[in-house]
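See below for the structure under consideration.
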Amino acid sequence: MKLTDVDRVNHLVTELEDVKALIAMAARAQDNAYQVVIDAPGDASLHMSYEGSSSTHSRGIAASPGFLARVKQLAVAELQSQQQGILTELAALGVDTAP
């Protein structure tokens, strides 16, 4: 393994630990901790959340519990996909990624 590979492995291991922590946090979070933000210029942004509250910079709309649960599932799935990508890259560098 080359020195550059060792540096890359170290970086990926750190990134993997960060993603694992994010997955754990996202999986534990209550559905009302999620929101969708649609950015738009000026004060036209939209926040869809449990509370649905508006702010000075965006409009707010209350989202259903089912919608927020799906947002949570999507967030966890996206993080797990990133985790798998890191594991794949580590394996390609010759690192044993088996648990």
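For clarity, every value in this text was computed on a predicted model and none was experimentally measured. Residue numbers count from 1 along this sequence.
Between Ser45 and Ala40 the shortest heavy-atom distance is OG-N, 3.1 Å. The two residues Ile23 and Gln83 make their nearest non-hydrogen contact at CD1-OE1, 3.1 Å.
The side-chain heavy atoms of Leu68 and Tyr50, taken from C-beta on, include a pair separated by under 4.5 Å.
There is no path of hydrophobic side-chain contacts, each under 4.5 Å, that joins Leu22 to Val37. Both Leu79 and Leu12 are assigned to one and the same hydrophobic cluster, defined by single-linkage of ILVMFWY side chains at heavy-atom distances under 4.5 Å. Note: the hydrophobic cluster containing Val71 also contains Leu46 (ILVMFWY, side chain heavy atoms under 4.5 Å, direct or indirect links). Follow the hydrophobic side-chain contacts under 4.5 Å out from Val9 and you reach Val19 in the same cluster. No single ILVMFWY cluster, assembled from side-chain heavy atoms under 4.5 Å apart, contains both Met25 and Val36.
No option in Asn10, Ile86, Leu90 other than Ile86 meets the side chain to side chain contact (heavy atoms under 4.5 Å, CB included) test with Glu15.
In this structure, CD in Gln35 is found 8.5 Å from OG in Ser53, a value given to the nearest 0.5 Å. Considering NE2 of His11 and CD of Glu89, their distance stands at 8.0 Å, rounded to 0.5 Å. For the atom pair CG (Leu93) and CG (Asp5), the distance works out to 5.5 Å, reported to the nearest 0.5 Å. A distance of 10.0 Å separates OG in Ser49 from CD1 in Ile61, rounded to the nearest 0.5 Å.
At distances below 3.5 Å, not a single donor-acceptor pair connects side-chain atoms of Lys72 with backbone N or O atoms of Gln30. In this structure, Tyr34 contributes its side chain and Ala26 its backbone to a donor-acceptor pair below 3.5 Å. Side chain of Thr88 to main chain of Gln84: a donor-acceptor pair is present (N/O by atom type, distance under 3.5 Å, no hydrogens or angles).
With sequence neighbours left out, Gln73 forms a side chain to side chain donor-acceptor pair (under 3.5 Å) with no residue at all.
Residue pairs meeting the salt bridge (charged side-chain N to carboxylate O under 4.0 Å, His left out) criterion with at least one partner in residues 73-85, sequence neighbours excluded, do not occur; the list is empty.
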